[in-house]
Amino acid sequence: MLMLSGIQHYMFCPRQWALIHIGQYWEENRLTAEGRLIHKNVDNPSYRQKNGGVITLRSVPISSTTLGLYGYSDAIELTPSETETDCISHPKYPGWWRPCPVEYKRGHSKPDARDKVQLAAQVICLEEQYGIRIYEAFLFYAETNRRESVPIDTELRAQTQRCAADMHEVFRSGVIPKAVKRHGCTNCSLFDACMPELESRPRVNHYLTKYLYEETA
């Protein structure tokens, strides 16, 4: 079982994920510190919020044997329901409740699916644990102070399953993927450990072939 939170790292950069989960590297920078502060209250399991009829649970443990992932959902909103279809019961709250995960992020909406895949993984965990179906979940971005609805459709589910399978394959191999310089590298807290800028420089063997062996040939 791998950490669910890592699927977002893997979607952004497999090397970043492997440095953390295989190489056991970790460094904090301003962005990771801000993210940690945002989650300070969100991840408090004893803090439960009630807004009208909706109850919000914090830091809920979840897992999926299908994905091979375990972790915590930042928040799960429980909306009361008249029927038990796709709903759960709660020992402290009578009746039936429709669960909806909400993932909190420091920044803003991403151009790729990394945040959506992490959210979909949480949905799949809940579905597997409770035998239900969840069709929508939410991402809340602190920078814009907005929440965004994410449809949990067939395409996103398949993308999440492929990503989880790739994570397990890399973890079993124990090999950290090569560095690939990409947009956002300089904001990564592991930039110094990763050194992606070296990938854009000529290799030693390339240099020797071009400037030494060719001249002596």
Side-chain angles (χ1 to χ4, degrees), residues 1-36 39 43 61-74 101 103 105-107 110-129 139 150 152 154-213:
M1 299 287 282
L2 300 175
M3 292 179 63
L4 186 150
S5 59
I7 198 168
Q8 192 255 12
H9 294 286
Y10 190 92
M11 275 291 296
F12 170 65
C13 174
R15 180 173 173 84
Q16 181 198 59
W17 174 83
L19 284 170
I20 296 171
H21 296 273
I22 297 177
Q24 299 296 302
Y25 289 97
W26 178 251
E27 293 289 341
E28 186 149 88
N29 63 8
R30 177 181 60 84
L31 300 181
T32 60
E34 288 177 358
R36 180 167 46 80
H39 283 81
D43 292 339
I62 53 177
S63 63
S64 166
T65 55
T66 302
L67 297 177
L69 301 177
Y70 77 97
Y72 293 85
S73 177
D74 282 346
E103 176 68 18
K105 295 297 181 184
R106 181 202 65 82
K110 310 296 190 302
D112 54 41
R114 74 187 89 153
D115 293 343
K116 295 178 181 179
V117 162
Q118 183 180 359
L119 187 64
Q122 296 178 26
V123 166
I124 294 171
C125 286
L126 288 171
E127 291 178 336
E128 188 174 315
Q129 288 179 235
L139 290 165
V150 178
I152 311 299
T154 302
E155 182 180 353
L156 181 58
R157 291 173 184 272
Q159 188 176 19
T160 303
Q161 291 165 349
R162 288 195 302 269
C163 188
D166 290 345
M167 288 167 62
H168 280 276
E169 184 176 347
V170 173
F171 189 84
R172 281 192 294 268
S173 74
V175 178
I176 295 176
K178 292 182 179 180
V180 177
K181 193 171 183 179
R182 64 189 74 216
H183 178 73
C185 275
T186 54
N187 291 329
C188 178
S189 65
L190 300 182
F191 182 83
D192 290 338
C194 177
M195 296 184 291
E197 74 278 6
L198 294 182
E199 290 299 309
S200 61
R201 299 177 184 176
R203 297 288 185 177
V204 172
N205 58 352
H206 172 77
Y207 180 88
L208 291 175
T209 300
K210 182 174 181 58
Y211 297 103
L212 181 60
Y213 299 142

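Numbering starts at 1 and runs along the sequence shown. FYI, side chains are in, hydrogens and waters are out, and symmetry mates aren't considered; it's all heavy atoms of this structure. Because the structure is predicted, anything quoted here is derived from the model rather than measured.
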Peer 1: If you compare all heavy atoms of Leu119 against all heavy atoms of Leu139, which two are closest, and at what distance to 0.1 Å?
Peer 2: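 Of all heavy-atom pairs spanning Leu119 and Leu139, the closest is CD2-CG, 3.9 Å.
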Peer 1: Restricting to non-hydrogen atoms, name the atom on Ile7 and the atom on Ala164 that form the minimum distance, rounded to 0.1 Å.
Peer 2: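 Shortest heavy-atom separation between Ile7 and Ala164 comes out as CD1-N, 4.2 Å.
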Peer 1: Taking the side chain as C-beta and beyond, is there a heavy-atom pair between Ile20 and Met3 under 4.5 Å?
Peer 2: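 Of all side-chain heavy-atom pairs linking Met3 with Ile20, none is under 4.5 Å.
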Peer 1: Once rounded to the nearest 0.5 Å, what's the spacing between atom CG of Leu19 and atom CH2 of Trp17?
Peer 2: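 Those atoms lie 10.5 Å apart.
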Peer 1: Please give me the minimum heavy-atom distance between Gln16 and His9, naming the atom from each residue.
Peer 2: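 Heavy atoms only, the tightest pair is OE1-ND1, 3.1 Å.
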Peer 1: Scan side-chain atoms only and decide if Gln118 and Lys105 contain a donor-acceptor pair under the 3.5 Å cut-off.
Peer 2: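 A pair is found: one side chain offers a donor N or O, the other an acceptor, under 3.5 Å apart.
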Peer 1: In Å, rounded to the nearest 0.5 Å, how long is the span from OH of Tyr25 to CD1 of Ile176?
Peer 2: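 These two atoms lie 6.5 Å from each other.
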Peer 1: With rounding to the nearest 0.5 Å, note down the distance linking OG1 in Thr160 to CD1 in Ile152.
Peer 2: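 Those atoms lie 7.5 Å apart.
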Peer 1: Give a yes or no answer on whether the side chain of Glu128 reaches the backbone of Ser63 with a donor-acceptor pair at less than 3.5 Å.
Peer 2: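 Judged by distance alone, no pair lies under 3.5 Å.
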Peer 1: Measure across Ser73 and Gln122 and return the closest heavy-atom pair with its distance rounded to 0.1 Å.
Peer 2: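 In terms of heavy atoms, the two residues are closest at OG-OE1, 3.0 Å.
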Peer 1: Report yes if the side chains of Val150 and Leu156 come closer than 4.5 Å at any heavy-atom pair, otherwise no.
Peer 2: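 SC-SC contact between Val150 and Leu156 confirmed.
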Peer 1: I'd like to know if the side chain of His21 and the backbone of Leu2 have a donor-acceptor N/O pair within less than 3.5 Å.
Peer 2: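 Flag not set: sc His21 to bb Leu2 has no pair under 3.5 Å.
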Peer 1: Determine yes or no for a side-chain-to-main-chain donor-acceptor pair under 3.5 angstrom, with Glu103 supplying the side chain and Asp115 the backbone.
Peer 2: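 Flag not set: sc Glu103 to bb Asp115 has no pair under 3.5 Å.
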Peer 1: For Asp112 and Arg114, run salt bridge (charged side-chain N to carboxylate O under 4.0 Å, His left out): C-alpha distance rounded to whole Å, both residues' side-chain angles, the deciding distance at 0.1 Å, then the answer.
Peer 2: CA-CA 6 Å; Asp112 54 41; Arg114 74 187 89 153; 2.8 Å; yes
Peer 1: Show your working on side-chain contact (heavy atoms from CB on, under 4.5 Å) between Lys116 and Met11 and close with a plain yes or no.
Peer 2: CA-CA 10 Å; Lys116 295 178 181 179; Met11 275 291 296; over 6 Å; no
Peer 1: Let me confirm one number: the OG-OH distance from Ser5 to Tyr70, rounded to the nearest 0.5 Å.
Peer 2: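 If I round to the nearest 0.5 Å, the distance is 8.0 Å.
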Peer 1: Between Pro101 and Leu126, what is the shortest heavy-atom contact and its length?
Peer 2: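 The answer is CG-CD1, 3.5 Å.
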Peer 1: Please name the pair of heavy atoms, one in Ile62 and one in Cys125, separated by the smallest distance, quoted to 0.1 Å.
Peer 2: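 The answer is CB-CB, 3.8 Å.
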Peer 1: Are Val170 and Pro14 side-chain neighbours, meaning at least one heavy-atom pair lies under 4.5 Å?
Peer 2: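 Val170 does not reach Pro14 side chain to side chain.
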Peer 1: Working to the nearest 0.5 angstrom, can you tell me the gap between Arg172 CZ and Ile22 CD1?
Peer 2: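 Spacing of CZ (Arg172) from CD1 (Ile22) equals 11.0 Å.
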